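The next block holds one structure in the form of C-alpha cells; read it before the comments.
Proteins come first, then strands; the chains are lettered A, B, ... in the order of their sequence lines, and each starts at number 1. We use all heavy atoms of the structure for the numbers below, so side chains are in, but hydrogens, waters and symmetry mates are not. These figures come from a predicted structure and were not determined experimentally.
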There are 2 protein chains.
Amino acid sequence: MESRAPHAVAGDGSPTRDALLDAAEELFAAHGYAAVGMRELVARAGVNLSAVKYHFGSKRELYLETVRRAMQRRESMEVWAALEPRPSTVDAAAKALVLFVRGLFVMMRARSELSACARLMLHEAMDPSDALEDVVVSFTRPNVEALAGVIAVLRPGADRQELELDARSVLGQALHYLLLRPIVERSAGLSLSESGTSREIADHIATFSLRGLRVSEAVVGRALAADGPKKNPIAAGEGAPASHEAPMGDPDRMEGSR
Amino acid sequence: MESRAPHAVAGDGSPTRDALLDAAEELFAAHGYAAVGMRELVARAGVNLSAVKYHFGSKRELYLETVRRAMQRRESMEVWAALEPRPSTVDAAAKALVLFVRGLFVMMRARSELSACARLMLHEAMDPSDALEDVVVSFTRPNVEALAGVIAVLRPGADRQELELDARSVLGQALHYLLLRPIVERSAGLSLSESGTSREIADHIATFSLRGLRVSEAVVGRALAADGPKKNPIAAGEGAPASHEAPMGDPDRMEGSR
DNA sequence: ACCCAGGTCAAACATACGTTTGACCGAGAG
DNA sequence: CTCTCGGTCAAACGTATGTTTGACCTGGGT
C-alpha cells in the first residue's frame with residue numbers, strides 16, 4: 001500500500017525522480033517548505049502530480065530527501081577543497097583561508113548549489129524539522145570543523161571551543177552576505193553579482209578575519225597576494241576593475257561552470 | 001467597500017487590533033508568512049476571524065503592518081542605544097562596541113523582540129516582498145549606519161564603504177548566532193540561553209572584531225573590562241557565573257561601573 | 001423613541017491544498 | 001496471445017485555506 005514505492009532508494013533513479021528532486025531543491029530553497037505547492041513543483045519538474053506519491057510517498061518525504069541530497073553534495077563542492085589538505089605552515093593556512101572565502105563568494109555570485117544548500121539550511125534553522133539533523137551532521141558540522149582545522153594552524157594555543165568560535169566568526173561574516181543578499185544589495189549600493197565587488201568583500205572578510213585571529217600583518221599581506229603576481233595587496237585601493245574573471249588560483253581548479 | 005476599514009491607521013487602536021498584531025508578529029516571525037494560517041493566528045490572538053478583515057483588510061496587509069510595527073520598534077530597543085551618542089575617543093568606541101555585542105546576546109538570550117525583528121527581517125530577505133523596503137530603511141540601514149559611526153572612530157582613515165563592510169562583519173558574526181541558533185546549539189555543545197555561554201560568545205565576537213579593526217591590544221583589553229572592576233580581561237576566563245543580570249550600562253553613559 | 005456607526009460573531013464562500021484513485025501504456029516473460 | 005509489473009496520467013477526493021457575508025450587539029446622538 002505504501003511501502004511498495006522505492007521511497008528513499010540511494011542510487012540515482014529515474015529521470016522523473018531526479019527532475020522532481022531538482023525542482024524541489026530549487027523551490028524549497030527559494031521559498032521554504034510551506035510556501036511551495038505540489039502543483040507548482042511538478043509543473044516546474046515537468047512531471048505528473050502522482051509521480052511524487054509514487055517515487056517519494058508524500059510531500060514531506062520529498063522534502064526530506066531533497067535536503068539529504070543537497071547536504072550530501074557538500075563533499076563534491078570545490079569550495080571546501082581549499083581547506084581539505086590541512087596546511088602545515090601559517091602562511092599556507094592563511095592563504096587557504098583567503099582562497100576559501102574568495103571561493104565562497106565566487107560560488108554565491110554564480111547562484112550555484114551553495115545557495116540552495118545554505119537556504120535549505122537556513123529554512124531548517126528557522127523552523128526546525130526532522131531534516132535538521134541531516135543538515136547539521138552532513139553540512140554544518142563538517143564545514144566548521146574543516147575551517148577550524150585550518151584556523152588551528154593559525155592559533156596554536158587555542159582549544160577546541162575557541163577554534164569553533166573563530167570558525168563561526170569567519171563563516172558568520174560570509175553567511176551574512178549569502179543569506180541576506182537582497183537586503184545587503186538594497187541597503188548598500190553593492191551588487192554581489194559583479195566580480196569586482198564580491199572580490200572586494202571577500203578580501204575584506206579575509207583580512208578582517210586574519211587580523212581577528214591575530215595573524216601578523218606580513219602573513220596577511222602575503223596571503224592576499226596569493227593568486228596575482230604581486231599587486232599591492234592591502235590598502236583599500238579599488239581592486240582591479242574587470243581584469244580577473246577567475247578569482248581562485250591554485251588549490252584545485254575551480255571551474256565548475258555548468 | 002474596501003477602503004472603509006481603518007486599515008493602516010497609525011495610533012494604537014483597539015485591543016483587538018493589538019492582539020492581532022502581537023499574535024501575527026509571533027507567528028510570522030516564527031514560521032514565515034505562508035506557513036501561518038489565519039485561523040491559527042486569530043485563535044492565538046483570541047479574536048474572531050473577521051477581525052482581521054475589519055482592522056486590516058487582508059492577511060497580506062496584516063503582515064505588512066506587522067513588519068512595519070516591528071521594524072519601527074527598533075528605536076526603542078536598548079541595544080542600539082550603546083551606539084547612539086557617537087563616542088569621541090578610541091577607548092569609548094571600543095567600549096561601545098563591546099557593550100553593543102554583549103547587549104545583542106543578552107536580548108537574544110531573553111527571546112525578546114529582537115528575535116522577532118531579526119526573524120521577520122530574515123524571512124523578508126529570503127523571500128522578498130513589499131515589506132522589504134520597510135525592513136531596509138527602518139531597521140537594517142539605521143543599524144549598520146549606527147555601528148559604522150562607532151567604527152569610524154576606531155578606523156580614522158577609512159571611507160564609507162570600508163566602514164560599511166566592517167560594520168557588516170561585526171553584525172554578521174552576531175547574526176549568525178541569532179539566526180542559526182538551533183543549528184549552532186545542536187552542532188556545538190553550546191546553549192545560548194546560559195548567560196555564561198552567551199557572554200563568552202559575545203566577548204569572543206567583540207575581541208575578534210576589534211582585532212579585525214586593527215585596534216591595539218591595550219584598547220581591546222580595556223574595552224573588555226568595561227563593566228567589571230578590572231578582572232583579567234583577555235584569555236577565555238569563565239565569565240562571572242551568575243552575578244550580572246543587566247550587562248548593559250545606562251544607555252547614555254557607557255562607563256558601566258556601578 | 002429612533003437611528004446609526006463601531007465592532008464582533010458564526011456560517012458560508014470559492015479556491016487551493018496534499019493525497020488518492022483507477023484507468024492506461026509499454027515492455028518483458030510465459 | 002496473455003499476464004504482469006514499473007511507471008505515468010487525468011480526474012476526483014476530502015480538507016484547509018483566505019475571504020466574504022449578513023446578522024447581531026452595544027453605546028451614544030438627536
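Sorted by first and then second residue, the ring pair (Phe, Tyr, Trp, His ring centres under 6.0 Å) pairs involving residues 114-150 of chain A (not counting sequence neighbours) form an empty list. For residues 36-46 of chain A, the pairs satisfying side chain to side chain donor-acceptor pair (under 3.5 Å) are A:E26-A:R44, with sequence neighbours left out. Among residue pairs with one or both ends in residues 177-189 of chain B, those qualifying as salt bridge (Lys or Arg N to Asp or Glu O under 4.0 Å) are A:E133-B:R186, B:R181-B:E185; sequence neighbours excluded.
Look at NZ on B:K53: it is 11 Å from C1' on D:dG18, rounded to the nearest Å. Look at CG on B:L20: it is 13 Å from P on D:dG18, rounded to the nearest Å. Taking atom NZ on A:K59 and atom P on D:dA16, their separation rounds to 15 Å, with Å as the unit. To the nearest angstrom, C1' of C:dT20 lies 16 Å from CD of A:E61. Taking atom CG of A:D18 as the reference point, atom P of D:dG7 lies 12 Å away to the nearest angstrom. Rounded to whole Å, the distance from CZ on A:R60 to P on C:dT19 is 10 Å. Distance, A:F56 CZ to C:dT20 P: 16 Å, rounded to whole Å.
By the salt bridge (Lys or Arg N to Asp or Glu O under 4.0 Å) test, B:R74 is found to be paired with no residue, residues two or more places apart in sequence or in another chain being considered. Listed by chain and residue number, B:F28, B:Y63 satisfy the ring-ring contact (aromatic ring centres under 6.0 Å, His included) test with B:Y33 (two or more places apart in sequence, or in another chain). Residues that satisfy the ring-ring contact (aromatic ring centres under 6.0 Å, His included) test with A:H204, not counting sequence neighbours, are A:F208. Contacts of A:Q161 classified as side-chain hydrogen bond (donor to acceptor under 3.5 Å, both in side chains), with partners at least two apart in sequence or in another chain: B:E200.
Between B:S169 and A:Q173, the side chains place a donor N or O and an acceptor N or O closer than 3.5 Å (distance only, hydrogens not considered).
Here A:V36 lies in heavy-atom contact (under 4.0 Å) with sugar-phosphate atoms only.
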Check your understanding: Step by step, would you call A:V42 with A:N48 a side chain to side chain contact (heavy atoms under 4.5 Å, CB included)?
Key -> CA-CA 6 Å; A:V42 299; A:N48 189 275; over 6 Å; no

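Within the helix from C:dA1-D:dT30 to C:dG30-D:dC1, the inter-axis angle between the opening and closing five-pair segments is 30°, rounded to 10°.
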Revision key, fill the gap. Contact string for nucleotides 8-15 of chain C, one letter per nucleotide 5' to 3', B = base within protein heavy-atom range under 4.0 Å, S = sugar-phosphate only, - = neither, reads BBB-B---

